[in-house]
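To keep things clear, I will list the structure first and then write my remarks on it.
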Amino acid sequence: MVNSQLTPLRALKENFGYDSFLPLQEEIVENVLSGRDSLALMPTGGGKSLCYQLPAVCLPGITLVVSPLIALMKDQVDALNANGIGARFINSSLTASEIELAQAQASRGRVKILYVAPERLAIPGFRRFLQGVDLSLIAVDEAHCISEWGHEFRPDYRNLSQLRADFPGVPAIALTATATTRVREDIVEQLGLQQGRVFLSSFNRANLTYSVESKEGFWGKLLSLLQSHDGESAIIYCFSRRETEELAADLNERGLLARAYHAGLEPEIRRRNQEDFIRDRVPIIVATIAFGMGIDKPDIRLVVHHSLPKSLEGYYQETGRAGRDGLASHCALFYSYADRARQEYFINQLENRVEQQNAYLKLNQIVEFAEVPVCRRRSILTYFGEQWDQENCGACDICLSASQEFDATEIAQKVLSAVIRTGERFGAQHVARVLRGSREKRVLELGHDRLSVHGIVNDFTEEQLREVMGLLRANGLLARNEGEYATLAVSPRGREFLNQRQKLSLPALKSAETGPDTAGRVTRGIAEGDGGAGPEDFDRELFEELRALRRQLAEDQNVPPFVVFGDVALRFMATAFPQSLESFGRVPGVGSAKLEQYGDRFVAAITTFARARGLEDRTGEMGRAGNSGSSGRAGRRREGRTAGRGSTYEQTRELLSQGLTIDEIASRRGLASTTIIGQIERMASQGQELSLEHLLPPPDRLQKIREALDVCGDEYLKPIRDYLGPEFAYDELRLARLFLREVARLE
């Protein structure tokens, strides 16, 4: 029975501080309160949590929330309690006495929302406890975890079918931010939601800017991105545990406060690093994808992928951690062909053929996203079956640079001819190497050094040639044959282009742009436009003062700063200058509990600031603009030693790309071979794409080195050589270790 004294709109204002709903929220809440089942698919930041939290306030009993995100539970419980809503959680982080206390409080009616981990449902004692409480609603968060077709399947979620059988009369709501049609159908089947309503919101995250960047010049671009978000929270995702630690260390050396996070860290270190990030003590976290699922931090302004994600669905989920409060945020993916090779290496280790094929399909989809220069937003939405009809989204690297073009007639002819001459059975990398005149082993074995197209391009790099091929695919002149190893073929339209000697203009190549600021410009492209949510023209000095006050109050209460107020609320405060409790109560996100708890402190700070500058209270001018949104970096910077164009590193890299051996490169450069290998190691550590295959020992020797690394570890070479014997040279071991580190350091 619904509490007739508390309407959803009244509860929205009193408990959450908002006057209006976000799209779909009101319809979902009404469906839940009517006692019907629901499946809600809404993007991260779209206000999913409110769809069960608000009904929980209006319903008489307890709402049970099943979630796999243990770290997230505490943050959400803290936020609910700060809003005056009784909430508790039960999971493996609690002691037996703490669990007993939480259940006792729930039994006595002191809990409105109870969060539990899915494995708890398999415990008979807990199921008996549930039978003794007034259960009004079952909410299943991250519902895609119940589907084997999802990217994060959790077997424990299968226990939910028994829960629904135990409480057939209790309505259920399943919520997820990412699910393909197949996964959605599986959720409905597994949870028995056939009689319920499906609410499908747009997957478009309008406040996010997407960009794909070449890894060449990685450090300059990364530092530019971080500088564009100075003082704001950022996540940098890496492929391996080792990379997270090395990148975090390099950032700290450059005066940027960063912490590493991965599953291999000591639990206490991992917990502390995550806590420091959530509580704004550390602005940058460098992590594997193990980080983020349990993070409810709404003010992450930058998400960087240092390496290629495993799938487009995973990429969407990870970028969804940016800008959950609706404010403008940036998602940058750094891509190189070597990243694909690393993923393929691990896919080839899968023994199940079906799993392997599925992994290749997902890899090809994310590679397509990275390589084909079409609107990034359109690519993401198309993947989820949503149409995007706008010509220019205005918030991705492709659309922001769409106005610049170059005459691509000649280079297109050369590329298409090379694809035909090599038999239309090779990928972009091989075609690019043939065009560039590579003499690596594979090219020579195939006799492609004798083709007329061999070496006919010297004014485009391999990276730029691959970008051209992506543009030709986007324009329908090239086609890609899917499979384990994607190959290129010339389409009928491409042959017509060649036969009729047509002209062609293509968008300016991103890889031809120089300077470290190419990534930063994309960030500013959206930052100077519509901020997505909340005013952009706010007083930044007051905003920073309020952030400091928020941080102090949060530390005093041992909660994350966003539990006190989010950035959207602070922006409104720094725009309207509320100087009374009545005015402060009009700020979006200020409900009754927060007005009573924090109003005096914030009003005093705002009043002092405003009076010193002659600023009047403007809350009347602001109107009721709020809606129900989702709940200083060091200045010293020094450029790292990067391998810039024309440098000694670049010369080595160029000779390496031509297929020369270490001794041949050393001879041409007048340097020792150990120096050349050292340069290669340095470039690899900076994320540069290198051609190493021709330097590797035969497969049998490489396998022996791999086994030695497994036994001895890879930190020191002497134990490895002692294990293998004197027939293995140190230089051979260094190169093999470098290659294996690039492909075999995945958790």
Side-chain angles (χ1 to χ4, degrees), residues 13 16-20 45 79 82 207 228-233 279-280 283 297-302 322-330 523-524 526-556 559-591 594-633:
K13 178 56 187 171
F16 299 94
Y18 299 107
D19 298 290
S20 61
N207 62 311
S228 297
H229 295 278
D230 193 23
E232 298 175 328
S233 296
R279 303 203 174 199
D280 289 348
K297 187 173 171 60
D299 56 355
I300 295 168
R301 296 285 163 253
L302 175 65
R324 295 175 64 141
D325 54 8
L327 296 178
S329 304
H330 185 192
T523 299
R524 290 192 294 277
I526 190 171
E528 292 164 1
D530 179 13
E536 283 291 316
D537 187 21
F538 58 93
D539 190 301
R540 295 183 183 273
E541 185 180 356
L542 176 57
F543 179 76
E544 291 303 325
E545 284 193 21
L546 296 178
R547 284 185 74 195
L549 174 59
R550 176 179 68 178
R551 189 161 49 246
Q552 176 190 335
L553 292 171
E555 291 288 349
D556 292 344
V559 296
F562 60 80
V563 167
V564 178
F565 287 116
D567 280 3
V568 173
L570 296 191
R571 286 193 182 193
F572 272 96
M573 295 176 203
T575 303
F577 311 112
Q579 295 168 51
S580 69
L581 288 177
E582 181 183 359
S583 296
F584 192 73
R586 298 178 183 175
V587 173
V590 180
K594 289 189 176 181
L595 178 63
E596 181 179 348
Q597 188 172 8
Y598 305 120
D600 289 335
R601 294 288 298 274
F602 275 87
V603 168
I606 295 167
T607 300
T608 300
F609 180 91
R611 287 180 179 173
R613 293 159 179 79
L615 300 171
E616 296 181 355
D617 188 321
R618 295 175 50 201
T619 50
E621 301 173 27
M622 296 295 295
R624 307 313 303 259
N627 60 32
S628 57
S630 303
S631 31
R633 205 162 290 155

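This is a predicted model, so every value here is computed, not measured. Just so you know, these numbers use all the heavy atoms, side chains as well, and skip hydrogens, waters and symmetry mates.
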Parallel under 30°, tilted from 30 to 60°, perpendicular over 60°: which one fits the rings of Phe584 and Phe565?
-> perpendicular

Just wondering, do Phe609 and Leu615 contact through their side chains at under 4.5 Å, heavy atoms?
-> yes

Listed by chain and number, what are the salt bridge (Lys or Arg N to Asp or Glu O under 4.0 Å) partners of Glu596, not counting sequence neighbours?
-> none

Which atoms form the tightest heavy-atom contact between Lys13 and Val590, and what is the distance?
-> NZ-O, 3.4 Å

Do Phe562 and Asp280 come close enough that some side-chain heavy atom pair is under 4.5 Å?
-> no

All salt bridge (Lys or Arg N to Asp or Glu O under 4.0 Å) counterparts of Arg279, not counting sequence neighbours | Glu275

Drop me the distance from Phe602's CZ to Glu545's CD, to the nearest 0.5 angstrom.
-> 11.5 Å

Work out which heavy atom in Arg618 is nearest to a heavy atom in Thr575; give both atom names and the distance.
-> NH1-O, 3.1 Å

Applying salt bridge (Lys or Arg N to Asp or Glu O under 4.0 Å), name anything that partners Glu544, two or more places apart in sequence or on another chain.
-> Arg547

Within a strict 4.5 Å, meaning less than it, do heavy atoms of the Leu595 and Leu581 side chains meet?
-> yes

All heavy atoms of Lys594 vs all of Val564, minimum pair found to be NZ-O, 3.1 Å

Would you please name every residue forming a side-chain hydrogen bond (donor to acceptor under 3.5 Å, both in side chains) with Glu555, sequence neighbours left out?
-> Arg281

Is it true that a side-chain atom of Asp539 and a backbone atom of Ala574 form a donor plus acceptor pair closer than 3.5 Å?
-> no

Find the distance between CZ (Arg324) and OG (Ser329) and round it off to the nearest 0.5 Å.
-> 11.5 Å

Any residue meeting side-chain hydrogen bond (donor to acceptor under 3.5 Å, both in side chains) with Thr608, in chain and number order, not counting sequence neighbours | none

Qualifying residues under ring-ring contact (aromatic ring centres under 6.0 Å, His included), relative to Phe577, sequence neighbours excluded = none

Non-hydrogen atoms of Gln579 and Ile606 that approach each other most closely = CG-CG2, 4.4 Å

Please name the pair of heavy atoms, one in Leu546 and one in Ala605, separated by the smallest distance, quoted to 0.1 Å.
-> CD2-CB, 4.4 Å

Kindly say whether Val603 contributes a backbone atom to a donor-acceptor pair with the side chain of Thr607 at under 3.5 angstrom?
-> yes

What closest approach, in Å, do Pro578 and Thr619 show between heavy atoms, and which atom pair accounts for it?
-> CB-CG2, 3.7 Å

Pairing residues for Asp617 by the salt bridge (Lys or Arg N to Asp or Glu O under 4.0 Å) criterion, not counting sequence neighbours = none

Between Arg301 and Asp299, does at least one N-O distance fall below 4.0 Å, as a salt bridge requires?
-> no

Kindly state each residue pair satisfying salt bridge (charged side-chain N to carboxylate O under 4.0 Å, His left out) with at least one member in residues 601-614, sequence neighbours excluded.
-> Glu541-Arg613

Calculate, to the nearest 0.5 Å, the distance between atoms CE and CG belonging to Met573 and Asp567 respectively.
-> 10.5 Å

